[in-house]
Chemist: 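The structure is given below, and queries will be raised subsequently.
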Amino acid sequence: MVDIKVSGRKVTVTDAMREYVNDKVGDALKVFDISPMKCDVVLRVDKNPSNLERKSAEVTVFVRDNVVRGVGQGNDMYAAIDEAAKNAERRLRKFKTRVIDRRPRAEVTPAGAELDLASLIETGEDDVLVREKVIDLTPMTEEEALVQTDLIGHDFYVFENAKTGLINVIYHRKDGGYGIIKPKIEEIDG
């Protein structure tokens with residue numbers, strides 16, 4: 001059985017909530033029984049009355065040096081826990097079939113494909129750094145990075161390209177599909 005750590009932000013985690021999380025998230029984690037695997041669940045209440053979905057639950061599962069996240073929101077904490085557990089279970093199933101089973105997939109971007117990076121640039125006034133996150137870069141293929149993007153539920157993922165050893169960013173495009181940002185390497189003529 002996986003040890004599930006439950007914590008609260010602006011909410012007191014009762015024994016009933018803790019037991020409910022252990023039941024629901026524990027069932028979601030039964031998708032595959034693998035070690036090492038640990039799970040953190042954060043329950044939050046937004047004190048802003050204008051926010052209709054004030055309660056949220058975030059399930060973060062650490063499995064085989066990967067992170068799988070599921071988030072749920074709603075007016076009721078138990079409904080938010082249900083949604084987060086369901087999202088985590090869905091992503092764990094995807095992780096199991098796409099990463100663990102190692103089924104062959106097509107390349108993410110065709111060789112020589114050019115990206116329109118100018119469409120990604122936005123300027124704004126009074127931009128403020130709100131959060132800083134430090135990540136461990138693990139060498140992986142573009143396909144594996146794409147899977148990680150889906151598993152953590154973000155629009156982008158920073159990774160070390162296993163083929164080149166360089167830092168790349170893979171992202172969801174607003175018009176559908178994915179894009180990848182790669183550094184340009186200048187060759188020095190000797």
Chemist: CD of Gln148 to CD of Glu143: how many Å apart, nearest 0.5 Å?
Modeler: 11.5 Å
Chemist: With side chains defined as the heavy atoms from C-beta onward, is the minimum distance between Val67 and Val61 less than 4.5 Å?
Modeler: no
Chemist: Sequence neighbours excluded, which residues qualify as salt bridge (Lys or Arg N to Asp or Glu O under 4.0 Å) partners of Glu58?
Modeler: Arg44, Arg69
Chemist: Is the shortest distance from a Lys or Arg side-chain nitrogen in Lys182 or Glu142 to a carboxylate oxygen in the other one below 4.0 Å?
Modeler: yes
Chemist: Can you sort out the partners of Asp175 under side-chain hydrogen bond (donor to acceptor under 3.5 Å, both in side chains), two or more places apart, ordered by chain and number?
Modeler: Arg173
Chemist: How about Tyr78: does its OH atom have over 12 heavy atoms from other parts shown lying under 6.0 Å from it?
Modeler: yes
Chemist: Given side chains that start at C-beta, do those of Val41 and Lys5 come closer than 4.5 Å, heavy atoms only?
Modeler: no
Chemist: Closer than 3.5 angstrom, by distance alone: can the side chain of Glu144 be matched with the main-chain N or O of Thr141 as a donor-acceptor pair?
Modeler: yes
Chemist: What distance separates Leu166 CG from Phe159 CZ, expressed to the nearest 0.5 Å?
Modeler: 10.5 Å
Chemist: I need the Cys39 SG to Leu29 CG distance, nearest 0.5 Å.
Modeler: 5.0 Å
Chemist: What I want to find out is whether Lys24 reaches Asp27 closely enough, with some N-O distance under 4.0 Å, to be called a salt bridge.
Modeler: no
Chemist: If the condition is salt bridge (Lys or Arg N to Asp or Glu O under 4.0 Å), which residues does Asp155 pass it with, not counting sequence neighbours?
Modeler: none
Chemist: Could you give the distance from NZ (Lys38) to OG1 (Thr60), rounded to the nearest 0.5 Å?
Modeler: 10.0 Å
Chemist: Is it true that Val71 and Val25 fall in one hydrophobic cluster, defined by side-chain heavy atoms closer than 4.5 Å?
Modeler: no
Chemist: Measuring from atom NE2 of His172 to atom OG1 of Thr149, what distance do you get when rounded to the nearest 0.5 angstrom?
Modeler: 5.5 Å
Chemist: Looking at every heavy atom in both Gly72 and Ala84, which two are closest together, and how far apart are they?
Modeler: N-CB, 3.5 Å
Chemist: Nearest 0.5 angstrom please: Arg18 CZ to Leu43 CG, how far?
Modeler: 9.0 Å
Chemist: Which heavy-atom pair separates Ala88 from Val59 by the least distance, and what is that distance?
Modeler: CB-CG1, 3.9 Å
Chemist: Just one of Thr164, Asn168, Ile167, Asn161 clears the side-chain contact (heavy atoms from CB on, under 4.5 Å) bar with Pro183, so which one?
Modeler: Asn168
Chemist: Check whether any side-chain heavy atom of Tyr157 sits under 4.5 Å from a side-chain heavy atom of Leu146, and report yes or no.
Modeler: no
Chemist: Does the side chain of Asn75 come within less than 4.5 Å of Lys55's, by heavy atoms?
Modeler: no
Chemist: Looking only at non-hydrogen atoms, find the nearest pair between Ala85 and Ala28 and report the distance.
Modeler: O-CB, 3.5 Å
Chemist: Looking only at heavy atoms, which two atoms of Ser56 and Gln73 are closest? And how far apart?
Modeler: CB-CG, 3.7 Å
Chemist: Under 4.5 Å between side-chain heavy atoms, hopping through other hydrophobics if needed: is there a path connecting Leu92 to Ile4?
Modeler: yes
Chemist: Is the Tyr171 to Tyr178 ring centre distance short of 6.0 Å?
Modeler: no
Chemist: Cluster question for you: counting only ILVMFWY and a side-chain heavy-atom cut-off of under 4.5 Å, with indirect links fine, are Ile81 and Val11 together?
Modeler: yes
Chemist: Stepwise, does the side-chain contact (heavy atoms from CB on, under 4.5 Å) test hold for Val45 with Met77?
Modeler: CA-CA 8 Å; Val45 174; Met77 184 60 76; 3.9 Å; yes
